[in-house]
Amino acid sequence: MIVPFGHVLILAGLLFLMGVFCTVTRRSLIMMLLGIEIMLNAAAILLVGSTLHWQNLEGQVIVLFVFAVAAAEVSVGLALIVWAYRRTGSVDPGDYNLLK
Amino acid sequence: MTIYSLIFYVLALFILATTAMAVTRRNMVHVVIYLIFSFFGSAMLFYLLGAPFLAALEVIIYAGAIMVLFLFIVIMMKFEGGRHRLFAPGQWIPAAVFGLVYLAAGTLLVSAQPGSRTVLKTARATPAMFGRYVFQTHWLSIEIVSLLLLVALVGALFLGRRTKKYATPKSIEDHR
Amino acid sequence: MSDTLTLDSTLIAAVLATLLPFASFVLIMVFTRNHRRLSAGLSIGAITVSLISAVFLLVCHWHLQTPLQYFGRWVVSGDIVIPYGFLLDPVSLLMLTVVAAISFLVQGYSLGYMADDKGFSRYYAFMSLFAWAMLNLTIAPTLFQLYIFWELVGLSSYLLIGFWYEKFSASQAGKKAFVMTRLGDVAFFLGLLLALVHLGNLNILELNSPRVAAQMSPTLITVSALLIFGGIIGKSAQFPLMTWLPDAMEGPTPVSALLHSATMVAAGVFLFCRLFPFFSQSAVAMGVFLAIGTITMLLSSTMAMVSRDIKQVWAYSTISQLGFMIMGLAAGSFFAGMFHLTTHAGFKALLFLCAGVFIHALGTNDIFEISRLGGRRLKVPTVCMAIAAAALAGLPPFSGFFSKEVILAALAELDNPIWLVAGLLGAFLTAYYTFRLIFILVVPDQSEPRQPDDSHGHAGYWQMGGPLIVLATVTVLLGFFQGPLENFFGNHICSVSAHTGSHGWLPYIAIATAASGLILAWVEFGRRNSARVGFVERIGWLYNLFSERWYMDRFYRRFVDVVIYRIISGLCTQNDNRVIDAGLDALSKDAVQSGRFVSELHLSMIQYRLLAIFVVVALLALYFFF
Amino acid sequence: MEFTGFPYLTAILISCIVGLVVIILIPGQRQVQIKWVSAVFSGITLLLSIYLFFAYDKSRGGLQFVETYRWVKTPGITYFNAADGFNLPMLLLTGIVFFTGVLTMWELDKRVKEFFAFYFLLVTGVFGLFMSMDLFFIFVWYDVSLFPMYLLIAVWGTTRKQYAAMKLTLYLLAGSALVLPAIVFLYAKSGLNTFDITVLMQPGTFTAAEQKFAFILLYIGFGILAAVWPFHTWSPVGHVAAPNGVSMLHAGVLMKIGAFGILRVGIFLCPQGWQYWAQLMAVLAVIGIVYGAFVGLSQTDLKYVIGYSSVSHMGIVGLGLATVSVDGLNGAVFQMFAHGVMTALLFSAVGYIYDRTHTKVIAELGGLSHVMPVASAFFIIAALASMGIPCLATFWGELMVFIAAFKTYPLGGVLAVCALVISALFMLRVVQHTFYGPRKEQYAQLADVPFDLGLPRIILLVVLVVFGLYPSLMFDMIETASIPFINGLP
């Protein structure tokens, strides 16, 4: 007997919100990437919780894949950031407005 | 209230608090450190929720590999901070509005979900059990993911090459 | 009554009388603009034929029993039929003759007066247009036709008053005349529509028949009579709309003579005569008319007392005499109005034409100036003007005496003596201002040194003199035709003569009033060593009041400037620019702006885009789950 | 394909299109040739429209010169042209204004080829709209006539031409955006699978509610083009900016398209909606009449004054349509015709003056009667027509409308009649300040209008006078359509 499922949902939800907040408000590419990590983590927590809820191992499997994808994403993402930083000297997303 | 639930709430508070601290820090190194704590908390939560293997992975991959990667980058690049306000009003106000909408939607969703009141029972998926399940049902996906990781590795290497052309940082205005 | 077009001599004469001036107008405008003599010849030829036809018609139908009508289909639309035709009855026959005669004389006179003008051909074209409109107006059988030509008279008077268009004041006067009469015409038009809606047609004879009362309630009759009278107010320069007429003196003097004697302004009184039986069905309306006529007469008499401009004096006197005619008609005497209209046409034309000779010869409008330059040595106009002035003042045996006497008799018939008193006061003032002018002109000014000036041996002098003599003869003789004329109208079924001749004392009082006016004028202006200053001019504020036309003009000017131009027109324009246009521009700017905003979501910083994505997802979630 | 006799109506369209093609084929440097070709082909359309006007059998009435061709069968689109008492005056008007407009632009020397090509395209649309009896084609022609307008103003215009062209186009497209849904709505609701107006106008096709809905859309949509009061601001701006020949077409014909559209589509298909909304129409029309006159009073630009007088006059047309009576329809259609000719004359006269003096500002002009009496006379007569002087055509249209309005809406009628004074005031003001007054030095060298350039003005003037002296010519024609239509109303 741990907690009602809803509490896990709320925890994951709040964590996700923080991730979103971090992603969209911090003016730094690295912080954006970190925000994404927070969101992924929130999703992972939710998936683990739902595994317990429905007594189905599938959720944990997805978390496994999430970790893998997160690792790949971070490596490529950071490499991109570094590359872009070298090229422009800025990690401020507001400076990347060449589309305008 | 059982001891498990107490642990859950403590962990939840810990995760939320460290994450919140991470989001609001100006110093990147601090951010990363806080997040590492947050991920440690998450790992313990996983353990509590019956996923010891994933808890281990969380510690190894997230708190270990990914965060350390971030740490290296942050330290290596020496991004100057403090140029901007931490939260520009033009951004955090819409984000706060979104947050309210999100909270409202979330609250409604959670409360409307009949399953959300069912209390979770303790259970445990041992690493052996988990591994057997994964490789019985998802072996192809595992292979594809491993390929993905390989590609990511190559890609990161490719991007990380120092080319002469872009050796010196330039301002964006020069590219306009 | 003949409703079909049969070609008899009467019809041919009527067509000739009414159509030829138009033909000459078109011919002059299109072909002979650069041939002065040809233009004048065309115009005068046309009006001569008109005059002969008119006289022929008058003589032929002297003993006319029932009115003759000729109709041709002109416009048919739905259930509205507008015929074109002729109505021949004593009123129209007499008026036709008068109009044709005056037009003829004025055109002959203009040969001399306008000889040096570069717009000679144009002048004659407009004259022809005017004659055409006026002649058709007089013999219109329906109010519609009358209204149409009424408008055309307004138009041609606009063209003639503003004839010297290089003068700003002239074009301004023309505009003023047109707009003010138009104001009356709108009322006229509305009254006409009111009658049309309730009666189904606008035949004048049917309007005048007693059957109208069966189809229209008394209130309606009153309202439509008052509205139609609005047209008379405008055209005949009655009380609220009288100020255009003095300004209309900006036109060439023959034009003033034509406009203010027998034609344009008389058209209003003519309309009153035309619709006399219809109007007299409403006692209220007649009362209003009487009041307006009286006010007009007195007001304009006072204005005439202080004017120094010879044409202005006669203009004011025209207004006052028109008011007098309206009084007579409104008092219930059809004959009084019509008779005075006829006599007035003669002597007023004479007055203006004489004034024209002075102006033409001496080059000034100021009476003191004319006197100083020796105007009295122009014998023919001086004598003619004296005759006409005597007629205007109502001295026997000139024509004005007889017609004024008839009007006063009609006023005496009324219950309230105040109208008679007002009439006598008017007669007194008329005699005063008339002879004021005459004395100023005739009696040499002792204070000024005499200047020998023989410049009046002018080329056009006798061309101008001829019509004067003819008119002077008419003025002297016409009064004695009162009896036959009365008989002529007696045959007319509509004639409601109130003249009973029971006021044997009235002629003496009238003569006494006129004579006292004359004597006062003599004391102030005619006597040797007189100060030549009228009693009004000694009272400063009264002089100002009179010479500023009771401030009516200023009021109108201010009213038009402030209310029409600045407030209403300004507000509408502002509304157009600031509200409608600016609103639309703002709308389109907002549209562009919102387009920009939407494009921001595509083009702006990645974080905004992300935020937008999240918001949309959240909203979609809300939408799909609830 | 059903043609009864020679297809005169199609011949008009064909002569426009052939003219257009020929103009395109001629090299652009040969300006004189292009002008002659334009004159010849527009002359052909004029002759054809005159022929139609007189060949129409008034005793028989109804639709004549019918040409039908089932074009696209599935949705029921028919190429269906016909002439009746309503559109023959409009065709005649278009022919007259087209021809005289070409002659008025005789002195054009900038991109002549393109100008006349667009001019022909515009007129093709106008002719097509007037003669078509098929909703689909009416909409297509409507848009065909709108689009060249933008270029004609934006390229050859003068004052704030970009703004004016853009505004006009947006306005008119907004109008067509209202018309299209209404047409589709009617098409769908009828269930008859046809765009044929004669079929759709049978009583009972649409319920009262449907008619009310569709009519208000059509009224506003076409009303924008007819400069109905709150939607009028495009028209003065457009008049001012457009080159003179285009102003003539624009005020003379294009605004009539709006009123004619209300009549042909709105009133024909939705008679009940028409009766329901008539009060609104009358109110807007009266406001337009009075308002246009007052705004015209304080304008400083010659063409703006004419533009606002057009707003006022189109209000009279609207008032006539709003009365739901034979007299009102007669008056409205007559007024459309008369106003078209009159405005064309006004703009044509202004065009000559503007080409010489290079200004349209009233305060800068003055004393022009001294140097160009004939040119002034044209303007003055047209101004008199605009004031509603009898014996010029506009008088009769106004008269009929006022009579009808006085019967139906006494108050509105009174107000509209009172506006006559204001319109007299502002027209006389313009005449006084432009043509009267002392001779001005800077204009002393100008020449009066020669005969060949005066020709278009003479034609317009003659038309104005002929229909002013003998209006029955037109009323008899209109009545063949209006009386059966009003009698056929439920």
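All chains are named by letter (A, B, ...) in the order of the sequence lines, taking the proteins before the strands, and each is independently numbered beginning at 1. The shown structure was predicted, so the numbers you read here are calculated from the model rather than taken from an experiment.
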side-chain contact (heavy atoms from CB on, under 4.5 Å) assessment of M474(D) paired with N330(D) = CA-CA 9 Å; M474(D) 185 64 79; N330(D) 284 357; over 6 Å; no

Assess whether side-chain contact (heavy atoms from CB on, under 4.5 Å) is satisfied between F22(C) and S128(C), documenting all intermediate values.
-> CA-CA 6 Å; F22(C) 183 62; S128(C) 285; over 6 Å; no

Evaluate the criterion side-chain contact (heavy atoms from CB on, under 4.5 Å) for residue pair M127(C) and V255(C); output intermediate values, then yes/no.
-> CA-CA 8 Å; M127(C) 276 297 200; V255(C) 169; 4.3 Å; yes

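Taking the six-membered ring where tryptophan is involved, the planes of F120(C) and Y124(C) are perpendicular, since the angle between them exceeds 60° and thus also 30°. In this structure, Y158(C) and Y436(D) have tilted ring planes: the angle between them lies in the 30° to 60° band. Aromatic ring pairs are classed by plane angle as parallel below 30°, tilted from 30° to 60° and perpendicular above 60°; the pair F475(D) and F334(D) is parallel.
For D185(C), there are no salt bridge (charged side-chain N to carboxylate O under 4.0 Å, His left out) partners at least two apart in sequence or on another chain. Residues that satisfy the ring pair (Phe, Tyr, Trp, His ring centres under 6.0 Å) test with Y84(C), not counting sequence neighbours, are W74(C), F86(C).
Each of L196(C), L571(C), D585(C) has some count of heavy-atom pairs under 4.5 Å with chain D, and the biggest count is that of D585(C). Chain D forms the most heavy-atom pairs under 4.5 Å with one residue out of V197(C), L193(C), I82(C), and that residue is L193(C). For the set E151(C), K175(C), Q574(C), K118(C), the count of heavy-atom pairs under 4.5 angstrom toward chain D peaks at K175(C). The most heavy-atom pairs under 4.5 Å with chain C, out of L469(D), V237(D), V465(D), V290(D), come from L469(D). Most heavy-atom pairs under 4.5 Å with chain C: of the set V414(D), I380(D), I478(D), this distinction falls to V414(D).
Residues of residues 428-435 of chain D that come closer than 4.5 Å to chain C, counting heavy atoms only, are L428(D), R429(D), V431(D), Q432(D), H433(D), F435(D), ordered by residue number.
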Sequence neighbours excluded and cut-off under 3.5 Å, please list the side-chain donor-acceptor pairs for residues 383-399 of chain D, or say none.
{"from": "T394(D)", "atom 1": "OG1", "to": "A385(D)", "atom 2": "O", "distance (Å)": "2.4"}
{"from": "W396(D)", "atom 1": "NE1", "to": "G468(D)", "atom 2": "O", "distance (Å)": "2.7"}
{"from": "E398(D)", "atom 1": "OE2", "to": "H313(D)", "atom 2": "NE2", "distance (Å)": "3.4"}

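At most 12 heavy atoms of other shown residues, nucleotides or ligands fall within 6.0 angstrom of atom NZ in K589(C).
Using a 4.5 Å cut-off between heavy atoms, V295(D) contacts chain C through both its backbone and its side chain. Of the two parts of F231(D), neither the backbone nor the side chain holds a non-hydrogen atom closer than 4.5 Å to a non-hydrogen atom of chain C. Using a 4.5 Å cut-off between heavy atoms, F168(C) contacts chain D through both its backbone and its side chain.
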